[in-house]
Amino acid sequence: MRISVSSDLDAPVARALVAALAERGHDVTAHGALRPGGDPRWAVCSQAAARDVAEGRCDQAVVCCWTGTGASIAANKVPGVRAALCTDAATADGARRWNDANVLALGLRLTSQPLLDEILDAWFAAVPSEDAEDRENIAVVGRLDEARAQEW
């Protein structure tokens with residue numbers, strides 16, 4: 001799988017994330033502080049990673065900042081992106097399962113190596129729900145993206 005990763009800080013957990021994704025066999029595209037010469041501002045690098053997903057260059061993305069909140073907000077401004085800030089494995093599972101999230105947002109402050117591994121395990125093990133209500137909710141989100149794009 002092609003995964004875009006961004007971080008506003010060259011933090012140990014961000015480096016561990018890139019290594020963990022590569023160890024799992026994913027092709028990683030780095031942005032922000034993780035790429036030499038990259039723009040490390042969370043709004044800029046999170047948007048770049050999200051655009052990789054929205055424009056089909058990557059299948060999914062992981063965006064990081066100190067709390068994960070800013071990275072999530074910036075990524076969610078890109079039409080077609082459903083970013084979820086996940087602080088534990090159960091939230092990551094639910095985000096993929098019920099929300100068909102295609103961008104994982106992580107906080108650098110609280111994510112330890114063991115927690116990172118648990119979140120990634122849950123994220124990659126979960127599959128989007130085929131339940132009609134869940135699919136309709138995702139369709140509603142898609143229509144919100146379309147409406148927002150028409151306003152611009």
Side-chain angles (χ1 to χ4, degrees), residues 1-11 13-65 68-87 89 91-108 111 116-117 119-152:
M1 185 180 299
R2 296 167 302 152
I3 301 181
S4 190
V5 177
S6 70
S7 180
D8 64 341
L9 298 170
D10 187 4
V13 70
R15 289 287 169 191
L17 168 64
V18 171
L21 293 171
E23 287 171 11
R24 291 167 186 256
H26 301 295
D27 180 22
V28 177
T29 300
H31 294 281
L34 299 174
R35 188 179 86 206
D39 190 332
R41 293 176 293 167
W42 58 262
V44 174
C45 64
S46 298
Q47 182 184 128
R51 286 197 184 284
D52 282 347
V53 174
E55 296 172 6
R57 289 184 296 275
C58 290
D59 304 299
Q60 295 182 5
V62 184
V63 296
C64 305
C65 69
T69 305
S72 174
I73 290 168
N76 275 316
K77 296 297 182 185
V78 177
V81 167
R82 293 174 304 282
L85 175 55
C86 298
T87 57
T91 304
D93 174 77
R96 288 285 301 132
R97 186 175 315 278
W98 299 309
N99 310 124
D100 194 9
N102 53 12
V103 175
L104 170 63
L106 296 173
L108 298 170
T111 306
L116 174 65
D117 292 337
I119 290 171
L120 292 177
D121 286 346
W123 181 265
F124 290 117
V127 295
S129 170
E130 292 300 324
D131 179 80
E133 183 176 340
D134 295 334
R135 298 312 313 159
E136 178 54 27
N137 276 310
I138 300 308
V140 168
V141 171
R143 289 192 295 274
L144 291 170
D145 275 343
E146 292 168 9
R148 184 174 59 192
Q150 290 176 5
E151 291 174 3
W152 293 77

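Just so it is clear, the values below take in all heavy atoms, side chains as well, and ignore hydrogens, waters and symmetry mates. Residue numbers run from 1 in the order of the sequence given.
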Practice problem: Report the C-alpha distance between L120 and L104 in whole Å, list the side-chain angles of each, state the deciding distance to 0.1 Å, and finish with yes or no for side-chain contact (heavy atoms from CB on, under 4.5 Å). | Solution: CA-CA 9 Å; L120 292 177; L104 170 63; 4.0 Å; yes

Practice problem: Mind running side-chain contact (heavy atoms from CB on, under 4.5 Å) on R51 and R57 for me, showing each step along the way? | Solution: CA-CA 8 Å; R51 286 197 184 284; R57 289 184 296 275; 4.1 Å; yes

Exercise. Could you check L21 against F124 for side-chain contact (heavy atoms from CB on, under 4.5 Å), going step by step and ending with a plain yes or no?
Key: CA-CA 10 Å; L21 293 171; F124 290 117; 3.7 Å; yes

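Pairing each heavy atom of A50 with each of V78, the nearest pair is CB-CG2, 3.8 Å. Minimum interatomic distance between A61 and A49 (heavy atoms only, all atoms of both residues): CB-O, 3.8 Å. Listed here is the closest heavy atom pair of A71 and W42: N-CE3, 4.0 Å. Smallest separation of non-hydrogen atoms from A95 and A84: CB-CB, 3.5 Å.
When S6, S46, S7, S4 are each tested for a side-chain hydrogen bond (donor to acceptor under 3.5 Å, both in side chains) with H31, only one passes: S4. Only one option out of D27, D59, D52 pairs with R2 in a side-chain hydrogen bond (donor to acceptor under 3.5 Å, both in side chains); it is D59.
The pair R96-D100 meets the salt-bridge criterion, since a charged nitrogen lies less than 4.0 angstrom from a carboxylate oxygen. Salt bridge annotation for D131-R97: absent, with no cationic side-chain nitrogen under 4.0 angstrom from a carboxylate oxygen.
Annotation: side chain of M1 is in contact with side chain of Q60 (closest heavy-atom distance under 4.5 Å). The shortest side-chain heavy-atom distance between L106 and V63 does not fall under the 4.5 Å cut-off. Side-chain contact between V81 and Q47: absent, with no pair of heavy atoms (C-beta onward) separated by less than 4.5 Å. Side chains of I138 and R135 form a contact here, defined as non-hydrogen atoms less than 4.5 Å apart.
The SG atom of C58 sits 11.5 Å away from atom CG of N102, with the distance rounded to the nearest 0.5 Å. Taking CH2 from W123 and CD1 from I3, the interatomic distance works out to 9.5 Å, rounded to the nearest 0.5 Å. Note that OG1 of T111 and CG of L17 are 9.5 Å apart. Values are rounded to the nearest 0.5 Å. Annotation: the span from L108 atom CG to L116 atom CG amounts to 10.0 Å, rounded to 0.5 Å. Atom CZ of R82 is separated from atom OG of S72 by 13.0 Å, given to the nearest 0.5 angstrom. Between the CG atom of N137 and the CH2 atom of W98 there is a distance of 12.5 Å, given to the nearest 0.5 Å.
Between the side chain of D145 and the main chain of G80, a donor-acceptor pair closer than 3.5 Å is present. Looking at N76, its side chain does come within 3.5 Å of a backbone N or O of A83 through a donor-acceptor pair.
Atom CZ of R41 has 12 or fewer neighbouring heavy atoms from other residues, nucleotides or ligands inside a 6.0 Å radius. Under a cut-off of 6.0 angstrom, the local environment of CD in E136 is crowded, with over 12 non-hydrogen atoms contributed by other residues, nucleotides or ligands.
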